[in-house]
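Notes follow the structure.
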Amino acid sequence: MRYRRPRGVNDILPDEVGQWQRAETAFRRLCKRYRYREIRTPVFEQTGLFTRTVGEESDIVRKEMYTFEDKGGHSLTLRAEGTAPTVRAFIENNLQGQDRERLVKLYYIAPIFRYDRPQAGRYRQHHQAGVEAIGSSNPAVDAEVIDLALAFYQEMGLEDVQLRLNSVGCPKCTPAYVETLKAALGAHVEELCPDCQRRYERNPLRILDCKQPACRRITEQVPKLLDMLCDECREHFEGLVAALDLLGIEYVLDPHIVRGLDYYTKTAFEFVCKGLGAQDSIGGGGRYDGLVEQCGGEPTPGVGFGIGLERVLLARKALGLEEGEPAREGVLVAALNDEAWAEAIKLTSELRDAGIIADLDYRRRSLRSQLRFANSEGFAATVILGEDELAKGVVVVRNMQTGEQQQVARTDAVEYLRNF
RNA sequence: GUGGACGUAGCUCAAUCGGCAGAGCACCUGACUGUGGCUCAGGUGGUUGUGGGUUCGAGUCCCAUCGUCCACCCCA
């Protein structure tokens, strides 16, 4: 029986790991600069954490979760998104401490699991790099997380990233808007797509997100939530826009951004990158002022985003930004006969003990083949050990970049190669 | 979850109407008996995704299944 990887999941192979580490390192460095601290939460959580926060009506909960029962009969779910687990850990470990005004800034890089039909840029396991800033309702914090995300895209060489911005209001203004929306749509319900007719009853806001041309025509006529925000939400949105202007960040107002997670309040945003086909959203987030309380904590506002790393890497590829050849490094110790082979094993070990990358060609082939091996494997140097060298107590060091060779006393070999 | 395209060597792809499974790259060996990259010569490599069916004969036609991709949907 030959096993294959399950549908929609990927192996990250040695040749690809470099670009992942590059992205992760860049994200970590930026987070540190903005003073976000890393948090690592479990790969599964109690199912209720997701169903109650993301929303029973969301696609994620209705059909995309990896849910299973453990031997104790508890319903668990693989991490379906990044915010709820972070908020859960924030509350459970009392990360805010006694200072109720303190802003706790956290980041994570973690796999996310959703059962969806796979496609390029859409997988059943993908990875998100995200931040959560919990404890402040200041719109300057919304601007800070957006600024951080954009800094990451820039660091990754993605130039044409568009910020799409909206406000989805709060429990004080959204219900009134929903009534207005339903009233405005009421006469056209028959013309909406079947999904939207469903949404009309259960989650009318999502109709604004529908991309069906027929629905689009109708929703364009309808009043915008942005024009009906309560004073608090309007002031917050104006504050965010002002802060973005201060930072020189451009944005496009997009009333269609509702986002598929129910906990969002006020700010909602999305980052879009051209050239990725249908899966062109490379990140998104928003504010969730009711989430901490909903998860059993003290009422505490928060804002954050998640960035899809697979899509960032795909975008780099589409732009031709793939990694170049890695720099040559390390030493191949080549042996020409059995006596030299024994010495080669010893020298390799000494080099490794000295912290130098070193290896042997265990196939015991001709010098020609060993040099070919050293070349294709990207070694910086080859040490040649043969009859002559053993007799003279020396080694020959060949620079694989230039082809220059140097005879070095066997006793000085490790030191010479340390400074190579 | 809906509709569609495509699965042939490690990689990229050929194979006419159903008639001997091929090329380039890569890899191995040699030309060069102790010197890589360039060149040249030779060579290894395949259950044509998998399982059935039709046929004298299937990579090719039919059915199923798995996978990848595209659009929708959704999202990152």
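Side chains are part of it too, since the values below use all heavy atoms of this structure and drop only hydrogens, waters and symmetry mates. The chains referred to below are lettered A, B, ... by the order of the sequence lines, with proteins before strands, and numbering in each begins at 1.
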For this session: For rA9(B) and rU55(B), measure between their C1' atoms and round to the nearest Å.
Result: 28 Å
For this session: May I ask you to say what Ser369(A) touches in the nucleic acid, namely base, sugar-phosphate or nothing, with a heavy-atom cut-off under 4.0 Å?
Result: sugar-phosphate
Problem set entry | Side-chain ion pair, Arg62(A) and Glu64(A), N-O less than 4.0 Å | no
Problem set entry | Side-chain N or O of Gln119(A) closer than 4.0 Å to phosphate OP1/OP2 of rA71(B) | yes
For this session: Name the nucleic acid region contacted by Gly378(A), choosing base, sugar-phosphate or nothing; use a 4.0 angstrom heavy-atom cut-off, strictly under.
Result: nothing
Problem set entry | Between rU8(B) and rG4(B) - P atom distance, rounded Å | 22 Å
Exercise. What does Arg4(A) touch in the nucleic acid at a heavy-atom separation under 4.0 angstrom: a base, only the sugar-phosphate, or nothing?
Worked result: sugar-phosphate
Seminar exercise, completed: One should report the stems of RNA chain B, each a stretch of at least three consecutive Watson-Crick or G-U pairs at distances under 3.5 Å, as B:1-7 with B:66-72, B:10-13 with B:22-25, B:27-31 with B:39-43, B:49-53 with B:61-65
Exercise. Can Lys105(A) be said to sit on top of Tyr34(A)'s aromatic six-ring, NZ or CZ under 6.0 Å from centre and within 45° of the ring axis?
Worked result: no
For this session: Name the nucleic acid region contacted by Glu270(A), choosing base, sugar-phosphate or nothing; use a 4.0 angstrom heavy-atom cut-off, strictly under.
Result: nothing
Seminar exercise, completed: Per nearest nucleotide of RNA chain B, the residue lying toward the 5' end, Tyr115(A) or Glu389(A), is Tyr115(A)
Exercise. Taking atom types as they are modelled, is there a donor-acceptor pair under 3.5 Å from the base of rC75(B) to the side chain of Arg311(A)?
Worked result: yes
Exercise. side-chain contact (heavy atoms from CB on, under 4.5 Å) with Pro301(A): which of Leu103(A), Asp289(A), Val141(A)?
Worked result: Asp289(A)
Exercise. Parallel, tilted or perpendicular: which describes the rings of Phe44(A) and Phe68(A), with under 30° parallel and over 60° perpendicular?
Worked result: perpendicular
Exercise. Looking across every strand, which nucleic acid part, if any, lies under 4.0 Å from Ile282(A) by heavy atom: base, sugar-phosphate, or nothing?
Worked result: sugar-phosphate
For this session: State whether the distance check finds a donor on one side and an acceptor on the other, under 3.5 Å, for side chain Arg117(A) versus base rG3(B).
Result: yes
Exercise. Gln405(A) near the nucleic acid: base, sugar-phosphate alone, or nothing, with a heavy-atom cut-off under 4.0 Å?
Worked result: base
